[in-house]
Structure formats: C-alpha cells, structure tokens
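For the numbers below, each heavy atom of this structure counts, side chains included, while hydrogens, waters and symmetry mates do not. Starting from 1, each residue takes its place in the sequence as its number.
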Amino acid sequence: MKVFDIAPVKFTDEKMMILDQTRLPGEEIYIEANTKEDVWEAIYHLKVRGAPAIGVAAGYGLYVSVRDYGGNNLDDFRKLVKENSEYLNSSRPTAVNLSWALRRMERVLDQAMKASGSFTVEDAKGLLFAEAEKIRIEDEESCRAMGEYGLSLLKPGMGILTHCNAGTIATAKYGTCLAPIYLGQERGYNFKVFADETRPLLQGARLTGWELQKSGVDVTLICDNMASIVMRNGWIDAVAVGCDRMAANGDGANKIGTSAVAILAKEYGIPFYMFVPASTIDLDTRTGDDIPIELRKGEEIYQMWYKKNMAPEGIKTYNPAFDVTDHKYITAVITERGIVRPPYDVNLRKLKNE
Ligand code: MRU
C-alpha cells in the first residue's frame, strides 16, 4: 500500500474511523468515532488535523451525530442538525474548512427540504451521508490537481523546504503541498525535502517525516530555527506549505512558524508557494488580521514531549497554533483550479467566481 492511500478518516459499514495522528509515528491506530463528542474531541486534540481532513471529519461527524435520531419530525431533525453543527464548529477556530464543510452540509439539506414536500428524516440522513462522501471525494480530486499544478513549478532534483504537515493525512488523500512531491516521486524527480520539525506539536517531525520516509522520498529533518542555514547553504530551491485559511487579500494563516519561513525565503530569493484548495479560501475574511488564531495550552511548549518540565514552574507562556503570512511574501497560490499570482485581492475573487 502506498502511503498516500492511508486515509485520515475512513467510513465503512456505518463506522467512522479516525487515524489517531497523536500516536504517529510510533503507532498506526484507527479509533472509532460514534458520537458528536468523539468527533469534537478528535478534532480538538488533533487526532485528526490539517484543514481539509478536519473538513472531511466534520462532514461525516455531522452525519454520525444525527443518524440515531429516532423521530420522524423533519423540523426537529433540522434543529438537531443545526445544534450539532454549531457544537462541532466550536472544536477549532482557524481552519475554515471546518465551518465550510458544516455550512455545506446544512445548505444541501435546506435545499432538498425546500425542493420536495415528501422529503423524510430518513431521506435527510441519506443526503447528509452522501454529502460527506462528496466532500471527501472532491478533496481527493482537488489534491491530485494541486499536485499537478504544483509539479509544473518544480524541476527534478530541487531542494524543497516544508513546514508542518500538509500531506496525505492532512487531507482526504495525497495532501496539498506534499502532492507534487508524491507525483514527482512517481516520475523520478528525486526531490530533496527538508522538513521543519514544527514546534511545539512536531507535525513536521512526526507526520511529514513519517509520510515521506515511508514513501521513499529523500527527507531531512531540521529544527525550525535551521531554515535560514539550509537556505544560505543553497540547498532550498522552493518552499511549499499548506494553509488553514486564506483571506480575500491573499494573507494566509498556516501553522505557527510559517510566516518566519516566508520572510526568510524572500530574503534569500527563494519562491514561497502556498497550497490552498478553494475550500480554504475565505472571501468573507478580508485580511489576515481578521483570521481567528487558535491559542493552545502552554504545557505543549515545555511539558508535552519531555520526561520533566523544561521550563521553571509557573512560567508564563504564549502558544498560538497559527500565524499569518502576509500576501506580499507569497510567490504563488496553488489551487485545484490553477495557479494564482498577485494581485491576490483581484485574482482570488476571480478564481472563486465571486
Ligand atoms: O494544527 P494542525 O496540525 O491542524 O495544523 C495544520 C496546518 O497548519 C497545515 O499546514 C494546514 O492545515 C494545511 S493541511 C493540508
């Protein structure tokens, strides 16, 4: 089995299974999510993470949360869907794919209810499941397309720096910014990938390192503060990262530390590519200043990966999970519909047809 065939969320025989990414790279374990609380907890604790994968989990999660409704009152069912959607949406604030997927699920339900007077609760359940499947399948197709567009910007043998994990387990399949690396791998491009470890939760070391090594890609792990030296050494020809929410002006929120890499890339004259599916472009968010940034517990910085605390007792902490890369540092935005160049405020709107 190829690594990009490992799905972060699987739904078979009425069972929603989530690959527990907090156990990687040591253990590849799927957990079952039976309730809305299970799904909320899995997203909150990053068992499933990465913007598109969170969207996929939200779609199936909403279906799971209402499938056991025993009544036949469609209005009551609709209220339950809304309540559960709001609940799931409260699990994490930054990745817009979460609210995007939930809104999409609610919208199709409303449209179907409006269109047919004989629509039943059972029909509604079937429709929600079908829409969750569509979200997953479309994401897979979109990642494949992003891979092709991304690959068109790269040449064999290039050194590529990436931050966090925007790979297959962050999406339905293939990944966003790792998709061209997988396609390149199949076509003999021999990329040399440098993976930032991505403190404090180590998505780069644990997840990108795991994915790429397992796929036979030449990957070198570095600490986040080593990005400058590898660029200065001349080892990096392009930076490729994912995105959690891109505002209408092209500012993009991604894992904490991304903006520092972008600023360095500009200094060294290295192209900085952000891979952003259309579902992650949020035209209702005007600029990066309007993107909500998740703050997480300080223990993640000084305690989580260590046998004993690595900071004095009672230390103050600041632990934002994301930062915003200003659009002026982004060379191009790679989407499934094509490559977008500045001016982003005009071209992103054109791409989304809004
Ligand atoms: O906190 P995480 O692990 O969910 O953060 C993930 C990222 O920042 C990814 O780069 C982003 O979601 C894009 S995934 C295709």
Side-chain angles (χ1 to χ4, degrees), residues 4 50-53 55 95-97 100 138-156 158-168 170-187 189 191 193-196 208 211-212 217 236-255 258-259 261-262 265-266 270-283 288 322 324-353:
F4 53 70
V96 73
N97 300 61
W100 169 86
E138 281 174 23
D139 186 58
E140 190 176 316
E141 289 165 358
S142 128
C143 287
R144 178 104 203 162
M146 263 182 284
E148 293 290 355
Y149 284 118
L151 196 61
S152 73
L153 298 166
L154 305 171
K155 293 196 175 62
M158 273 188 163
I160 297 162
L161 178 75
T162 190
H163 189 78
C164 192
N165 172 265
T168 194
T171 63
K173 199 172 176 178
Y174 304 117
T176 59
C177 82
L178 294 193
I181 291 169
Y182 287 130
L183 290 183
Q185 175 76 359
E186 287 179 346
R187 297 174 197 174
Y189 271 56
F191 292 131
V193 179
F194 289 80
D196 278 350
T208 298
E211 270 196 47
L212 293 182
V217 174
I236 307 298
D237 300 292
V239 176
V241 297
C243 182
D244 281 82
R245 184 187 302 228
M246 178 158 275
N249 71 341
D251 292 348
N254 191 48
K255 179 53 54 195
T258 302
S259 66
V261 178
K266 178 128 186 157
I270 297 167
F272 181 92
Y273 299 126
M274 201 168 238
F275 286 68
V276 192
S279 55
T280 306
I281 300 169
D282 180 12
L283 296 180
F322 300 94
V324 172
T325 298
D326 193 285
H327 60 277
K328 71 179 179 213
Y329 297 112
I330 302 174
T331 313
V333 172
I334 291 77
T335 80
E336 71 276 32
R337 301 180 193 169
I339 298 171
V340 184
R341 303 265 180 187
Y344 293 121
D345 52 351
V346 176
N347 292 341
L348 288 174
R349 212 162 271 282
K350 269 193 204 152
L351 181 98
K352 291 268 279 189
N353 267 334

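- How far OG1 of T331 is from NZ of K266: 7.5 Å, rounded to the nearest 0.5 Å.
- The backbone N or O of I281 lies less than 3.5 Å from a partner atom in the side chain of K352, making a donor-acceptor pair.
- Here the CZ atom belonging to F272 is positioned 8.5 Å from the OG atom belonging to S259, to the nearest 0.5 angstrom.
- Remark: side-chain polar atoms of Y344 are paired, donor with acceptor, to backbone N or O of I330 under 3.5 angstrom.
- Between the D251 side chain and the D326 main chain, no donor and acceptor come within less than 3.5 Å of each other.
- No donor-acceptor distance shorter than 3.5 angstrom exists from the side chain of T280 to the backbone of D244, with no hydrogens or angles considered.
- Of all heavy-atom pairs between P52 and A170, the closest is CD-O, 3.3 Å.
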#### Entry: V241/V261 under side chain to side chain contact (heavy atoms under 4.5 Å, CB included): CA gap, chis, key distance, verdict
CA-CA 10 Å; V241 297; V261 178; 5.6 Å; no

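- Y174 approaches Y182 most closely through the heavy-atom pair O-CD1, 3.5 Å.
- In this structure, L183 CG and L178 CG are separated by 11.0 Å, a value rounded to the nearest 0.5 Å.
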### Task
Give the C-alpha distance, both sets of side-chain angles, the deciding distance and a yes or no for side chain to side chain contact (heavy atoms under 4.5 Å, CB included) between T258 and M274.
CA-CA 10 Å; T258 302; M274 201 168 238; 4.3 Å; yes

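- Side-chain N or O atoms of D237 include none that pairs as donor or acceptor with a backbone N or O of M158 at under 3.5 Å.
- Taken to the nearest 0.5 Å, the CD atom of E211 stands 5.5 Å off from the OG1 atom of T168.
- Considering CG of N165 and OG1 of T171, their distance stands at 8.5 Å, rounded to 0.5 Å.
- The CG atom of L161 sits 8.0 Å away from atom CD1 of I270, with the distance rounded to the nearest 0.5 Å.
- Residues G288 and A247 approach most closely at N-CB, 3.9 Å, considering heavy atoms.
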### Task
Give the intermediate values and the outcome of side chain to side chain contact (heavy atoms under 4.5 Å, CB included) for residues T325 and N254.
CA-CA 8 Å; T325 298; N254 191 48; 5.7 Å; no

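- What you find for A248 and L348 is that their closest heavy atoms are O-CD1, 3.8 Å.
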Give the table of side-chain donor-acceptor pairs shorter than 3.5 Å for residues 143-156, with sequence neighbours excluded, one pair per line with atom names and distance.
residue	atom	partner	partner atom	Å
E148	OE1	R187	NH1	3.1
E148	OE2	R187	NH2	2.6
S152	OG	Y149	O	2.6

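- Considering all non-hydrogen atoms of both residues, F191 and P180 come closest at CE1-O, 3.7 Å.
- The minimum heavy-atom distance between G242 and C177, with the atom names listed, is N-SG, 4.1 Å.
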### Query
Would Y273 and I160 count as a side chain to side chain contact (heavy atoms under 4.5 Å, CB included) if you check the C-alpha gap in whole Å, the side-chain angles of each, and the deciding distance to 0.1 Å?
CA-CA 10 Å; Y273 299 126; I160 297 162; over 6 Å; no

Could you give the side-chain donor-acceptor pairs of residues 332-341 under 3.5 Å, partners two or more places apart or in another chain?
residue	atom	partner	partner atom	Å
T335	OG1	R337	N	2.9
T335	OG1	G338	N	3.1
T335	OG1	G338	O	2.8
E336	OE1	A278	N	3.0
E336	OE2	A278	N	3.3
R337	NH1	L351	O	3.0

